[in-house]
Enquirer: 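Below you will find the structure I want to go over with you.
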2 protein chains.
Amino acid sequence: MDATETAKRTATASAATGRGRGRRQGYATGDARRARILNIALQEFGENGYRGTSLARIAERAELTQAGLLHHFRSKQELLTAVLDLRDAMDAERLDLSNLPDGGEPTLLALVALVEHNARQPGIVQLFTVLTGEAVTTDHPAHGWAQERYRLLSTSIATALQHGVQAGELRADLDATACAQQVMAMMDGLQLQWLLDPERMDMAATFRAYIDGLLKQISA
Amino acid sequence: MDATETAKRTATASAATGRGRGRRQGYATGDARRARILNIALQEFGENGYRGTSLARIAERAELTQAGLLHHFRSKQELLTAVLDLRDAMDAERLDLSNLPDGGEPTLLALVALVEHNARQPGIVQLFTVLTGEAVTTDHPAHGWAQERYRLLSTSIATALQHGVQAGELRADLDATACAQQVMAMMDGLQLQWLLDPERMDMAATFRAYIDGLLKQISA
DNA sequence: GCAAAAACCTTATACTCGGTAGCTTTGTTA
DNA sequence: TAACAAAGCTACCGAGTATAAGGTTTTTGC
């Protein structure tokens, strides 16, 4: 994600929330329409991925023409990043990464709770799974977003684990970075299998079992 | 994957290898062209996913028109399944699932070797990662293929682990199914992070560390 | 309270993509 | 070498993203 892109996302975010300062404020009808479009797009991207979603269908469900939709979001890509920003904002309320519970065990148990919550939201989980899968391609519009997301997540978890080590709660020889990456990998991998075949996988229980075993292994 | 689909794949496979019996055999030039198309498609699907790949581009690289390409593979979906069949055949040589080394530790170490091999083949890994990510959507053409693949993999690994239990090598209270799912999840999740940010992740080492810890935990 | 500006949203259009129809050329084989 | 299937082309369709240009509605500044 280059500087131009970042600037565009910021502009879009502020336009969508109607908080442009020097600029003119959007109309009330437009704000409502944008919010509606975002919610529909969230669903569609989650069900069909980025490339499998058509603007025409989103526009139809939002009851305007496709060109009308592109008035609010100048491109499909801009719509995607707006949706991702929306999701990030919603998630921030649930799991504040910059303020994880301190120490190893509380952090890992918070992740178990997150997985249990996700198990009740297949649509959202699918959005992230499909998008991050697509986004490993370097030229995908969400590639930079996905990189950034994983960096933030893994450093947050690793830091929390490292605190556990310093507090003497976890083994001194623990590789916090690798452990954080493993935990995230387990979450993503279980999600994938769960989405493909929900009946064959009790995602929350399997993840909990993994974390239980991990805690036995890394506790001091 | 329904019966019609399976029949189509079989027909394609035999046509592609030029082993039609009652039917006339394909020309040598056609066989060569098909092989070339498959290799190019393998690359393109791996780099851009299914929906991100265009037949026109594959045709251009194979030096024929898009309609000419569709003479050999009647649809994009048929081309995809042919590519997947090709990969499965290539993989079968490397890791024969129906004949995993018996017992827990040898099986898990074989998977470590597989991950080490994958770490040298980012293109192929990307093909599977992008495709399985896309394929969680129920109407994706590779959805059935992905389901089938995971069922086969997980039962193969679970069976091998169960043998380890029966032989007294692994703990009697091991949940072989859940353990197999966890191991696969770890492989997939690490691949995802590795593809997104290769420099931040030593995939093979991290997976090996996970397996080492797991073995300590589940050994009798 | 009224003009001007901006936002909103439309129709029309350009280009790309997967796929079909039908025709010509080329290679194989009897 | 004649018959015939494979190979590959042109031409086209419907659907996709995106742009251009224009008309209508709402807000804002005076």
Side-chain angles (χ1 to χ4, degrees), chain A residues 8 11-12 14-37 41 44-45 48-82 139-141, chain B residues 8 11-12 14-38 41 44-45 48-83 134 139-142:
Chain A
K8 260 198 291 182
T12 305
S14 74
T17 51
R19 281 188 283 99
R21 261 172 296 279
R23 302 177 52 210
R24 194 191 194 109
Q25 194 172 324
Y27 302 171
T29 65
D31 285 350
R33 189 87 91 167
R34 267 187 293 277
R36 186 166 175 204
I37 290 170
E44 291 288 329
F45 283 138
N48 309 311
Y50 175 71
R51 310 207 224 235
T53 296
S54 87
L55 294 180
R57 174 154 174 74
I58 296 174
E60 190 187 1
R61 288 184 55 190
E63 290 171 306
L64 55 111
T65 62
Q66 183 248 97
L69 194 163
L70 286 171
H71 163 73
H72 296 287
F73 302 92
R74 279 171 304 185
S75 69
K76 189 181 180 182
Q77 179 173 340
E78 191 173 304
L79 177 57
L80 173 66
T81 56
D139 64 345
H140 191 281
Chain B
K8 259 198 294 182
T12 305
S14 75
T17 50
R19 281 188 285 99
R21 261 172 297 279
R23 300 176 52 210
R24 192 191 194 108
Q25 197 172 321
Y27 301 168
T29 64
D31 284 351
R33 189 83 92 168
R34 268 187 291 276
R36 187 167 174 203
I37 290 170
L38 280 175
E44 291 288 330
F45 283 137
N48 309 310
Y50 176 71
R51 307 206 226 237
T53 296
S54 86
L55 293 180
R57 175 155 173 73
I58 296 175
E60 189 187 2
R61 288 185 55 190
E63 289 171 306
L64 76 164
T65 62
Q66 185 241 68
L69 193 163
L70 285 172
H71 164 74
H72 294 288
F73 302 93
R74 278 171 305 187
S75 69
K76 188 181 182 182
Q77 179 172 341
E78 190 173 305
L79 177 57
L80 173 65
T81 57
V83 166
E134 276 184 333
D139 64 345
H140 191 281

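Numbered from 1 within each chain, the chains take letters A, B, ... in sequence-line order.
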Enquirer: Just the rounded figure in Å: distance from P of D:dA18 to CZ of A:R51.
Expert: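 Answer to the nearest Å: 12 Å.
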
Enquirer: Could you work out which one of D:dA11, D:dA20, D:dT17 sits closest to the side chain of A:A67?
Expert: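 From the listed options, D:dA20 comes nearest.
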
Enquirer: Using the side-chain contact (heavy atoms from CB on, under 4.5 Å) rule, take B:T53 and B:L80 through it: C-alpha gap first, then chi angles, then the decisive distance, then the call.
Expert: CA-CA 10 Å; B:T53 296; B:L80 173 65; over 6 Å; no

Enquirer: Please name the residue in the list B:E78, B:R33, B:R34 that meets the side-chain hydrogen bond (donor to acceptor under 3.5 Å, both in side chains) test with B:H72.
Expert: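 It is B:R34; the other options fail the test.
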
Enquirer: Would the base of D:dG16 count as contacting A:Q66 through its side chain, where contact means a donor and an acceptor less than 3.5 Å apart?
Expert: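 Flag unset: no donor-acceptor pair detected.
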
Enquirer: Which whole-number value in Å describes the distance from A:I58 CD1 to D:dA18 P?
Expert: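 Roughly 11 Å, once rounded to whole Å.
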
Enquirer: Applying the salt bridge (charged side-chain N to carboxylate O under 4.0 Å, His left out) criterion to B:E44, which one of B:K76, B:R51, B:R57 satisfies it?
Expert: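 Among the candidates, only B:R57 passes.
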
Enquirer: Taking CD from A:E60 and P from D:dA15, how many angstroms apart are they, rounded to a whole number?
Expert: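 Rounded to the whole Å, the gap is 12 Å.
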
Enquirer: What nucleic acid atoms does B:L55 come within less than 4.0 Å of, heavy atoms only: base, sugar-phosphate, or nothing?
Expert: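 Sugar-phosphate only.
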
Enquirer: Phosphate oxygens OP1/OP2 of C:dC9: is one of them under 4.0 Å from a side-chain N or O of A:T65?
Expert: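 Result: no.
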
Enquirer: Would you indicate, yes or no, if C:dC9 has its OP1 or OP2 atom less than 4.0 angstrom from a side-chain nitrogen or oxygen of A:H71?
Expert: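 A:H71 to C:dC9 OP1/OP2: no side-chain N or O under 4.0 Å.
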
Enquirer: How would you label the contact of B:A56 with the nucleic acid (heavy atoms, under 4.0 Å): base, sugar-phosphate, or nothing?
Expert: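 B:A56: backbone/sugar contact only, no base atoms under 4.0 Å.
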
Enquirer: In terms of the nearest nucleotide of DNA chain C, which residue is placed more toward the 5' end: A:T29 or B:K76?
Expert: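 Nearest-nucleotide comparison on DNA chain C picks A:T29.
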
Enquirer: Over how many whole Å does the gap from B:D31 atom CG to D:dG8 atom P extend?
Expert: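 So the CG-P distance, B:D31 to D:dG8, works out to 11 Å.
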
Enquirer: Whole-Å distance between C:dC17 C1' and B:N48 CG?
Expert: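 Distance check: B:N48 CG to C:dC17 C1' gives 14 Å.
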
Enquirer: Identify the two heavy atoms, one from B:A82 and one from B:L38, that lie closest to each other, and give their separation to 0.1 Å.
Expert: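 Closest approach of B:A82 to B:L38: CB-CD2, 3.7 Å.
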
Enquirer: Could you check which of D:dG8, D:dC9, D:dA18 has an atom nearest any side-chain atom of B:R33?
Expert: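 My answer, after comparing the listed nucleotides, is D:dG8.
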
Enquirer: Closer than 4.0 angstrom, basic N to acidic O: yes or no for A:E63 and A:R36?
Expert: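 Looking at A:R36 together with A:E63, the answer is yes, because their closest N to O distance falls below 4.0 Å.
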
Enquirer: By nearest atom, which of the nucleotides C:dT20, D:dC9, D:dA18 is closest to the A:S75 side chain?
Expert: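 Nucleotide nearest to A:S75's side chain: D:dA18.
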
Enquirer: From CG of A:L64 over to C1' of D:dG23, roughly how many Å is that when rounded to an integer?
Expert: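 My rounded result for the distance is 17 Å.
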
Enquirer: Quickly work out the B:R34 CZ to D:dA7 P distance and round it to whole Å.
Expert: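 B:R34 atom CZ is separated from D:dA7 atom P by 5 Å.
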
Enquirer: Which nucleotide in the list C:dG18, C:dC9, D:dT19 gets nearest to the side chain of A:H72?
Expert: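 Of C:dG18, C:dC9, D:dT19, C:dC9 is nearest to the side chain of A:H72.
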
Enquirer: Please give, in whole Å, the distance from C:dC17 P to B:L70 CG?
Expert: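 Whole-Å distance recorded here is 13 Å.
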
